[in-house]
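Take a look at the structure set out below.
Computed over heavy atoms, backbone and side chain alike; hydrogens, waters and symmetry mates excluded.
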Amino acid sequence: MRGPLVVLGDTLLDRDVEGVVNRLCPDSPVPVLDETVATDRPGGAGLAAVFAAAQGADVVLVTALADDAGGARLSALLAAAGVQVFPLALSGATPEKIRLRARGRVLLRHDRGGTSGEPGQPSDEVLRVIAAASAVLVSDYGRGVARQPALRDALAATRAPVVWDPHPRGPAAVPGVHLATPNESEVRELVPALPGASRLATASRGAQGLRRRWRAGAVAVTLGGDGALLCHAGSTPLVVAGPGSAEGDTCGAGDRFAAAASLALAEGALVSEAVQAAVAEASAYVANGGVATALPPARAGNTPQARFRTPGGAMADRVGVPAVAALLGEVRAAGGTVVATGGCFDLLHAGHVATLEAARQLGDCLIVCLNSDVSVAGLKGPDRPVQSEGDRSRLLAALSCVDAVLVFDEPTPEAALSWVRPDVWVKGGDYATGGGDASATLPEAEVLRRWGGNTVVVPYLDGRSTTDLIVRTLAERTR
């Protein structure tokens, strides 16, 4: 692959709530589900991106993330899966799909998040990465990302093969896509079937109609366990049969199909070869247990390397996801500038305070992304941190120049930054060595460019270092 696989579309937060049913509700004849475990994962375009990343591909996800707890959770889960997120702003709430399950069967699906929010404008970096892609998968879930005019222009201009996984509530595919991958029910909604027509005739008529309407190179209609029907130039469709009937959880099978086809096209496969590979992948996915076994477990609220949280004893009104989300909503509604900085802040000293005060002057709020105890130990060694994350976050939140604190578990703040999307990211001046463009030395600079943010350094007080303080303290004790 000469460039990354770019997945573009709407990302949802999916949650499976597993439990047991042993009784009916006393005030209504409905089953009572006693929850045993809840599992979170990215859904929609996010799930397709995770599937592709699990195959070892270099994957970029262009999606819209809201300033709420769901958006924060998605950022953490996607980063943990190895997906590079190029986020757009999203007004409103994160869409969530919650499946209540017992003994492997879905009892009820609960959707929340309200009507679709409006995605923001893509940055120049988003448009650049689409132009450089080896293939693009548009995973449309009808919530607006695939309608964004600048993104559609970029899709029309790219030379990479484009796979379009449509949604009945979404827009038409960009003219000239290489492959569209609707399922049977989507085809019937988009192209009304003739009365009395057979299943294959309906799929073939719908596929040919969409191919002409969208000027697509080919349309593959997925047929569940029976494989797919591929229509391209010419009047005779190609039926790609599944390897065998497989019963099981089909949630995510369409995303697996589209991701597999996109990866094959990125490697130079013919469309027919890509569809055959996708049928094999999707069939094996369902046969092996579906999403529950295809992805590593991500327990709700308890996933190492994939969470933000509020430490015990911290100032809840200024520390944690709810506090940061409320601040972001307030500042952005007023058209303000969001500034962020990060670090371990193990022993808060004058050098830290100078950096924080200088950073706060650059905008309308300052959010500190704080390495958790797990993260600090991984970076600094088993003897660190000296102070717990609860104490460190409380001290930072008590400073007048700090508006909110977000604790993260990852070694780097990439997931936190993808959710917060600060306009400015600040580091102390000890990074600005060697002259020239100081921001080029910052590891976060590339991440900030994804949404058009800037990285800067501010003056640093010489001679202030947490490590030096610890060394001097220990030396004093041994005298």
Side-chain angles (χ1 to χ4, degrees), residues 1-9 11 45-46 49 53 57-67 71-72 74-76 78-79 81-90 119-134 136 145 148-151 153-155 157-158 160 328 331-332 336-343 359 362-369 406 408 410-429 431-458:
M1 291 170 59
R2 60 178 177 82
L5 171 67
V6 174
V7 180
L8 183 153
T11 299
D58 182 14
V59 180
V60 165
L61 174 62
V62 177
T63 193
L65 295 176
D67 295 331
L74 283 172
S75 292
L78 291 164
V83 175
Q84 304 171 63
V85 180
F86 282 56
L88 313 176
L90 177 64
Q121 288 286 330
S123 67
D124 291 342
E125 192 71 5
V126 167
L127 303 181
R128 184 201 63 77
V129 79
I130 292 173
S134 59
V136 180
V145 171
Q148 213 286 328
L151 292 178
D153 289 345
L155 291 170
T158 184
L328 290 173
V331 172
R332 286 184 171 139
T337 298
V338 176
V339 181
T341 190
L362 298 176
D364 299 287
C365 72
L366 175 62
I367 298 169
V368 176
C369 299
L406 183 64
F408 65 94
E410 295 83 4
T412 72
E414 179 175 341
L417 290 174
S418 294
W419 174 55
V420 174
R421 298 189 318 278
D423 301 293
V424 182
W425 174 255
V426 178
K427 277 291 189 180
Y431 279 80
T433 57
D437 181 8
S439 65
T441 67
L442 293 175
E444 298 85 0
E446 180 181 349
V447 179
L448 267 288
R449 282 196 291 268
R450 296 176 185 176
W451 55 88
N454 296 299
T455 54
V456 301
V457 294
V458 296

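Nearest heavy-atom pair across D423 and G336 is OD2-O, 4.0 Å. Of all non-hydrogen atoms in A445 and T455, the two that sit nearest each other are CA-CG2, 3.5 Å. A53 and A81 make their closest contact through CB-O, 3.6 Å (heavy atoms, listed as atom of the first residue, atom of the second, distance). Considering all non-hydrogen atoms of both residues, E410 and A76 come closest at OE2-CB, 4.1 Å.
For S75, the side chain to side chain contact (heavy atoms under 4.5 Å, CB included) partners two or more places apart in sequence, or in a different chain, are L65, S418, W419. Applying the side chain to side chain contact (heavy atoms under 4.5 Å, CB included) criterion to A132, with sequence neighbours excluded, gives R128. T63 pairs by the side-chain hydrogen bond (donor to acceptor under 3.5 Å, both in side chains) definition with T11, not counting sequence neighbours. For D58, the side-chain hydrogen bond (donor to acceptor under 3.5 Å, both in side chains) test picks out Q84, with sequence neighbours left out. Partners of E446 according to the side chain to side chain contact (heavy atoms under 4.5 Å, CB included) rule, which considers only residues two or more places apart in sequence or in another chain, are R449. A search for side chain to side chain contact (heavy atoms under 4.5 Å, CB included) contacts involving T158 returns I130, A160, V162, not counting sequence neighbours. Taking W425 as the reference, E444 meet the side-chain hydrogen bond (donor to acceptor under 3.5 Å, both in side chains) condition, with sequence neighbours excluded.
A donor-acceptor contact shorter than 3.5 Å links the side chain of S134 to the backbone of G3. Side chain of D67 to backbone of L328: no donor-acceptor contact under 3.5 angstrom is found. Judged purely by atom type and a 3.5 angstrom limit, D364 uses its side chain to pair as donor or acceptor with the backbone of T337. At least one donor-acceptor pair under 3.5 Å links the side chain of Q148 to the backbone N or O of A150. A donor-acceptor pair is defined here as one N or O able to donate and one able to accept, closer than 3.5 Å; no such pair exists between the side chain of W451 and the backbone of E125.
Going from atom CG of D124 over to atom CZ of R450 covers 15.5 Å, rounded to the nearest 0.5 Å.
Residues N454 and L448 form no side-chain contact, since every pair of their non-hydrogen atoms from C-beta on lies 4.5 Å or further apart. You'll find the side chain of R332 reaches within 4.5 Å of the side chain of V338, heavy atoms only. A 4.5 Å side-chain heavy-atom check between L151 and L88 finds at least one atom pair inside the cut-off. Inter-residue side-chain proximity for V7 and V60 is flagged as unmet; no heavy-atom pair is nearer than 4.5 Å.
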Please determine whether side-chain contact (heavy atoms from CB on, under 4.5 Å) holds for the pair V62 and V6, giving the CA-CA distance in whole Å, both sets of side-chain angles, and the decisive distance to 0.1 Å.
CA-CA 7 Å; V62 177; V6 174; 4.0 Å; yes
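Paired with P422 under the rule side chain to side chain contact (heavy atoms under 4.5 Å, CB included), one option of L417, I367, L366, V339 passes, and it is L417.
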